Amino acid sequence: MGKVLADRPDLKPKAREIAKLASEIVSEVNKLSLDEQRRILEEEYAWLLQEKPKKEEKKGLPPLPNARPGQVVTRFAPNPDFVIHLGNARPAILSDEYAKMYRGKMILRFEDTDPRTKKPMKEAYDLIKEDLKWLGVVWHEEHIQSLRMPIYYDIAREIIRRGCAYVDLCGEKSRELLRAGKYCETRDKPVEWQLEQFEKMINREYGEGEAVLRMKTDPRHPNPSVRDWVAMRIIDTEKHPHPIVGSKYWVWPTYNFAVSVDDHLMGVTHVLRGKEHQVNTEKQLYVYRCMGWEPPTFIHFGRLKLEGFIMSKSYIRRLIEENPGRFLGYDDPRFGTIAGLRRRGILPEAIREVIISVGIKPGDAKISWSNLAAVNRKLLDPIADRIMFVSEPVLLRVESPSCIEGEIPYHPDRPERKRRIRLCPGDKVYITKSDAERGEVRLMGMGNFRVENDKLVFVNESLEYARARKLPIIQFAPARDAVRTEVLVPEGLELKKVGGYAEAALREYGVDSRLQFVRFGFVRIDSVSDSVIAIFTHE
RNA sequence: GCCGCGGUAGUAUAGCCCGGCCCAGUAUGCGGGCCUUUCGAGCCCGUGACCCGGGUUCAAAUCCCGGCCGCGGCACCA
């Protein structure tokens with residue numbers, strides 16, 4: 001029934017008749033036996049049996065509304081008060097992705113207009129850029145708001161001239177007034193007075209809290225925070241110097257004012273940001289309306305959480321400060337910062353893939369670690385060399401009639417790259433304790449051995465023998481040139497340490513190498529000295 | 001409390017705008033098998049979801065109403 005109408009939408013007006021017809025036919029067919037039904041189908045309607053080709057699944061982002069190729073300008077506007085985390089990477093990657101998709105432009109803008117409560121961190125400007133580069137984000141322009149102050153002053157004057165803003169001298173009282181749907185009496189003063197007062201603000205004739213510039217909105221707007229929202233306020237930069245411009249400015253734009261001005265002046269066409277900005281969008285529209293600017297297209301998506309990771313900037317900072325020595329820094333692999341994920345061994349392509357798959361839905365998304373790990377594993381597997389690492393090592397002595405030699409490929413897909421390992425009678429070898437308890441094992445690439453007390457007794461080299469007996473094929477490390485290795489395994493807020501020995505080949509890899517420790521999991525080499533410290537990425 | 005936005009398998013997502021090719025697709029996870037000198041990868045098979053209740057309609061995941069739940073906002077933060 002549905003099928004018929006889908007094929008012939010022109011029949012829709014007759015749907016009622018068709019429904020009746022269809023049910024008659026169905027009941028008729030149902031009287032026949034199943035075999036009979038099949039026979040008729042095969043004989044007379046064989047063409048129905050042919051599978052239609054499966055349509056190929058489209059991957060990637062949905063088209064951007066109101067977007068014209070070559071005309072799209074997006075932006076990523078972080079607050080440089082700390083490094084960015086996976087949640088911040090979402091607008092960054094999405095903005096980058098759409099700019100690329102439409103051959104447009106992407107702008108990076110640091111929003112550092114509050115040296116008091118969101119004091120910028122001097123190093124963060126560069127750290128954020130590093131993270132973005134690592135993520136593969138490409139930007140064509142770079143701006144710092146604290147370096148654009150005269151621009152905000154100029155637009156503010158224009159907005160006052162247009163009668164859209166006023167200087168509020170009522171201080172604390174204004175908050176109550178506005179909550180009640182009323183407002184400070186200075187709102188009704190003439191434009192000339194407002195301009196005068198604004199210059200007095202700039203000339204430091206007022207202190208913090210004594211005067212603010214407010215947008216005129218609807219004093220009875222259902223959302224009290226929208227009512228005459230603050231566009232400019234005074235921050236005492238003698239007490240709270242800004243890390244870039246010091247005490248040069250006294251009057252600072254609020255987020256909503258600076259953003260509206262910049263988005264317009266920089267020609268931003270599409271603003272992609274979290275839904276926590278929905279009300280801000282509403283506020284910013286007042287600026288566009290007053291100035292007669294055309295607003296960009298706003299897209300708000302939900303929050304992004306990474307299961308089992310701490311993302312909050314302030315919480316991470318507190319944890320580090322209150323627990324000296326417990327964390328490795330803002331890039332600790334237990335944190336959801338970009339730097340933390342990088343140190344953990346997550347690839348930037350994996351982050352991008354996950355963020356693209358989550359898309360731009362307004363609903364929240366909780367990414368499960370196993371999902372991120374699966375994507376990362378898929379990318380890592382073909383490029384990570386296999387190295388043998390022995391955890392919980394026990395030391396055994398080889399007993400065999402002669403030396404045994406084996407060749408082990410670094411990667412199963414490229415068997416021509418391999419190292420040679422030689423075990424001779426009397427050699428000491430580390431294997432994992434639980435493997436030693438298996439009785440008979442096959443040392444990967446070497447041969448089959450029987451474990452007898454502290455001895456490893458050679459049986460034979462036959463792989464078929466090992467298969468027939470289902471012997472575990474285990475990793476090992478000859479003690480002679482074994483590398484002492486510690487693997488840090490992040491588990492929630494804990495960082496477990498797994499000690500052991502790796503085979504000599506580990507020496508060939510430097511810091512930042514990504515490897516797979518055979519039967520253990522993927523790791524990233526974090527430091528190399530006499531011994532090696534690796535960080536466990538995932539299985 | 002007020003304002004706004006959402007609820008599709010364990011997780012994420014497609015479909016919703018324009019109701020019928022959807023007894024709901026895909027990925028991951030989980031279970032089983034094949035392959036394989038790793039408990040990896042790959043390949044097969046299986047598992048599992050439209051928040052609840054009404055309504056409109058021949059037909060509702062899709063439209064309407066109510067409820068429940070979740071999230072965001074309610075700053076002189078961004």
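No experiment lies behind these values; they were computed from the predicted model shown. Residue numbers start from 1 in every chain, and the chains themselves are labelled A, B, ... in the order their sequence lines are given, proteins ahead of strands.
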Can you tell me, in whole Å, how much space there is between the [atom1] of [N] and that of [M]?
N	M	atom1	answer
rA9(B)	rC45(B)	P	24 Å
rG70(B)	rA78(B)	P	31 Å
rG29(B)	rU11(B)	C1'	8 Å
rA24(B)	rA61(B)	C1'	8 Å
rC30(B)	rG10(B)	C1'	9 Å
rG20(B)	rA59(B)	C1'	6 Å
rC16(B)	rC21(B)	P	12 Å
rA49(B)	rC64(B)	P	26 Å

So which one's nearest nucleotide on RNA chain B is more toward 5', H411(A) or G363(A)? G363(A)
Take K305(A) and D435(A), find for each the nucleotide of RNA chain B with the closest heavy atom, and name the residue whose nucleotide sits nearer the 5' end. D435(A)
Any chance you could measure I367(A), atom CD1, to L304(A), atom CG, to the nearest 0.5 Å? 4.0 Å
State whether a side-chain donor-acceptor pair under 3.5 Å links Y125(A) with E142(A). no
May I ask you to decide if the ring planes of [X] and [Y] are parallel, tilted or perpendicular, using 30° and 60° as cut-offs?
X	Y	result
W252(A)	Y249(A)	perpendicular
Y509(A)	Y410(A)	perpendicular
H221(A)	Y286(A)	perpendicular
F517(A)	F389(A)	parallel

Check the distance between [N]'s [atom2] and [X]'s [atom1] and give it to me in whole angstrom.
X	N	atom1	atom2	answer
Y410(A)	rG40(B)	OH	C1'	19 Å
H221(A)	rG4(B)	NE2	C1'	10 Å
D218(A)	rC3(B)	CG	C1'	14 Å
I360(A)	rC5(B)	CD1	P	17 Å
E353(A)	rU28(B)	CD	C1'	11 Å
I383(A)	rG40(B)	CD1	P	19 Å
L61(A)	rU13(B)	CG	P	13 Å
K366(A)	rG29(B)	NZ	C1'	14 Å

Expected string for nucleotides 72-78 of chain B under the B/S/- scheme (protein heavy atoms, under 4.0 Å, primed atoms plus P, OP1, OP2 as sugar-phosphate) is SSS-BBB
Protein-to-nucleotide contact annotation, 5' to 3' order, nucleotides 32-38 of chain B [B base; S sugar-phosphate only; - none; under 4.0 Å, heavy atom]: -----BB
Minimum heavy-atom separation for M388(A) and E503(A), please, with both atom names. N-OE2, 2.7 Å
Heavy-atom pair with the smallest gap, counting every atom of F458(A) and I404(A): CD1-CD1, 3.4 Å
Apply the side chain to side chain contact (heavy atoms under 4.5 Å, CB included) test between V268(A) and each candidate in D263(A), T74(A), T297(A); give the one that qualifies. D263(A)
Keeping the roles fixed (side chain from R377(A), backbone from E539(A)), state whether a donor-acceptor pair exists under 3.5 Å. yes
Do H242(A) side-chain atoms and D112(A) backbone N/O form a donor-acceptor pair below 3.5 Å? yes
Taking a pair as Watson-Crick (N1 to N3 plus N6-O4 or O6-N4) or G-U wobble (N1-O2 and O6-N3), both under 3.5 Å, which stems of 3 or more consecutive pairs involve RNA chain B? B:1-7 with B:68-74, B:10-13 with B:25-28, B:29-34 with B:42-47, B:51-55 with B:63-67
Does E416(A) come within less than 4.0 Å of R414(A), counting only side-chain N to carboxylate O? no
Evaluate R318(A) against S312(A) for side-chain hydrogen bond (donor to acceptor under 3.5 Å, both in side chains), listing each step before the verdict. CA-CA 10 Å; R318(A) 217 180 69 214; S312(A) 155; over 6 Å; no
From the candidates rG29(B), rU11(B), rC3(B), the one with an atom nearest any side-chain atom of N371(A) is rU11(B)
Report yes if a side-chain nitrogen or oxygen of K361(A) is closer than 4.0 Å to either non-bridging phosphate oxygen (OP1 or OP2) of rU13(B); otherwise report no. yes
